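Following: one structure in structure tokens, then a few remarks.
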Amino acid sequence: MNKMIAAITALVVVIAAGFFMFFPSQGEAQSATYHTLEGKTITSADLKGKVVLVKFWATTCTTCIAQMPDTIKHYNEYKDKGFDTVAVAMSYDNPDAIQKFSEKYQLPFTIAYDKTGELAKQFGGIRFTPVAFLLDRQGNIVKRYIANYDEQEFIQTLEKTLAQN
């Protein structure tokens, strides 16, 4: 029994180490280029000086859809304090569905479409949604959020990051 527990513990440690090796939670985000639904191009350099939430999502993701009202609320509440949001629709999503969703919910922030999957690769090979990264004003990853996350902790981290120069 003890050998079984030790083996399971070792396996969990190896999996966790591998996960964090391939998906770092902090550090500088790679230079990225975002292509918006409106046909504009935004680069990481364009976002420097702002605290940015880069959120990978899909119109077929029920958790993404459930989180969208909070994402809108946080954007509206903090945008005048230097906060921005870029919602990156996954390559497997349908551009028409993204556009309709954006219009229906009047998404006030930038919507990018990762048509080639390159952005998902640059952020650690994202395959499922939602996954979000909070970037500081220099473009460094402050925190990574996967699936459902603690909203109060997010707000605390956001406010702390906004307070830094």
Side-chain angles (χ1 to χ4, degrees), residues 20 22-59 61 63-93 95 97-99 101-165:
F20 288 107
F22 289 107
F23 302 107
S25 62
Q26 294 183 324
E28 187 172 345
Q30 292 188 12
S31 178
T33 302
Y34 305 89
H35 300 284
T36 71
L37 289 181
E38 295 81 27
K40 296 179 184 176
T41 299
I42 298 172
T43 66
S44 297
D46 296 326
L47 299 171
K48 290 226 174 159
K50 297 179 182 181
V51 173
V52 180
L53 181 69
V54 177
K55 184 168 191 152
F56 289 85
W57 69 290
T59 59
C61 167
T63 303
C64 300
I65 292 167
Q67 288 179 348
M68 208 52 84
D70 283 339
T71 304
I72 293 167
K73 178 179 78 175
H74 299 144
Y75 172 79
N76 287 331
E77 185 172 341
Y78 293 98
K79 68 181 176 181
D80 293 335
K81 297 176 182 175
F83 178 61
D84 205 350
T85 300
V86 179
V88 181
M90 298 295 285
S91 61
Y92 53 79
D93 213 337
I98 300 165
Q99 185 67 45
F101 185 92
S102 177
E103 291 169 3
K104 179 179 179 181
Y105 292 96
Q106 300 176 13
L107 301 181
F109 39 75
T110 301
I111 307 298
Y113 177 43
D114 188 16
K115 184 177 182 178
T116 64
E118 187 59 33
L119 280 169
K121 287 179 190 170
Q122 288 179 335
F123 278 86
I126 296 168
R127 296 176 190 261
F128 62 90
T129 56
V131 176
F133 297 84
L134 185 64
L135 309 179
D136 68 13
R137 295 179 193 277
Q138 291 75 42
N140 297 311
I141 298 171
V142 174
K143 183 104 176 174
R144 181 188 60 229
Y145 299 93
I146 299 172
N148 283 319
Y149 53 88
D150 184 306
E151 183 181 8
Q152 288 305 316
E153 188 277 329
F154 169 75
I155 290 170
Q156 289 174 352
T157 304
L158 174 59
E159 288 177 350
K160 180 180 174 185
T161 306
L162 284 167
Q164 299 170 347
N165 286 326

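Quick caveat: nothing in here was measured; it's all calculated off a predicted structure.
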Quick one: sort the Phe109 and Tyr75 rings into parallel, tilted or perpendicular, breaks at 30° and 60°. perpendicular
More than 12 foreign heavy atoms under 6.0 Å from CD of Gln106: is that the case here? no
Ignoring hydrogens and geometry beyond distance, is a side-chain donor-acceptor pair present between Gln67 and Tyr149 at under 3.5 Å? no
Is the backbone N or O of Ala89 less than 3.5 Å from a side-chain atom of Asp114, with the two atoms forming a donor-acceptor pair by type? no
Result for side chain to side chain contact (heavy atoms under 4.5 Å, CB included) between Asp136 and one of Ile141, Leu162, Val52, Val142 points to Val142
Do we see a donor-acceptor contact under 3.5 Å between the side chains of Thr71 and Lys55? yes
Is the closest basic N to carboxylate O distance between Lys143 and Glu153 below 4.0 Å? yes
State, without any angle test, whether Glu103 and Gln99 hold a side-chain donor-acceptor pair at a distance under 3.5 Å. yes
Here the gap from Ile146 atom CD1 to Thr129 atom OG1, rounded to the nearest 0.5 Å, amounts to 12.0 Å
Gap between atom OG1 of Thr110 and atom NZ of Lys40 - 0.5 Å precision: 8.0 Å
Thr63 versus Ala147, closest heavy-atom pair with distance: CG2-C, 4.4 Å
Parallel, tilted or perpendicular: which fits the ring planes of Phe133 and Phe123, with parallel below 30° and perpendicular above 60°? tilted
Looking at Lys160, I'd like to know if its NZ atom is crowded, meaning that more than 12 non-hydrogen atoms belonging to other residues, nucleotides or ligands lie closer than 6.0 Å. no
Checking the side chain of Tyr145 only, and the main-chain atoms of Pro130 only, is there a donor and an acceptor separated by less than 3.5 Å? no
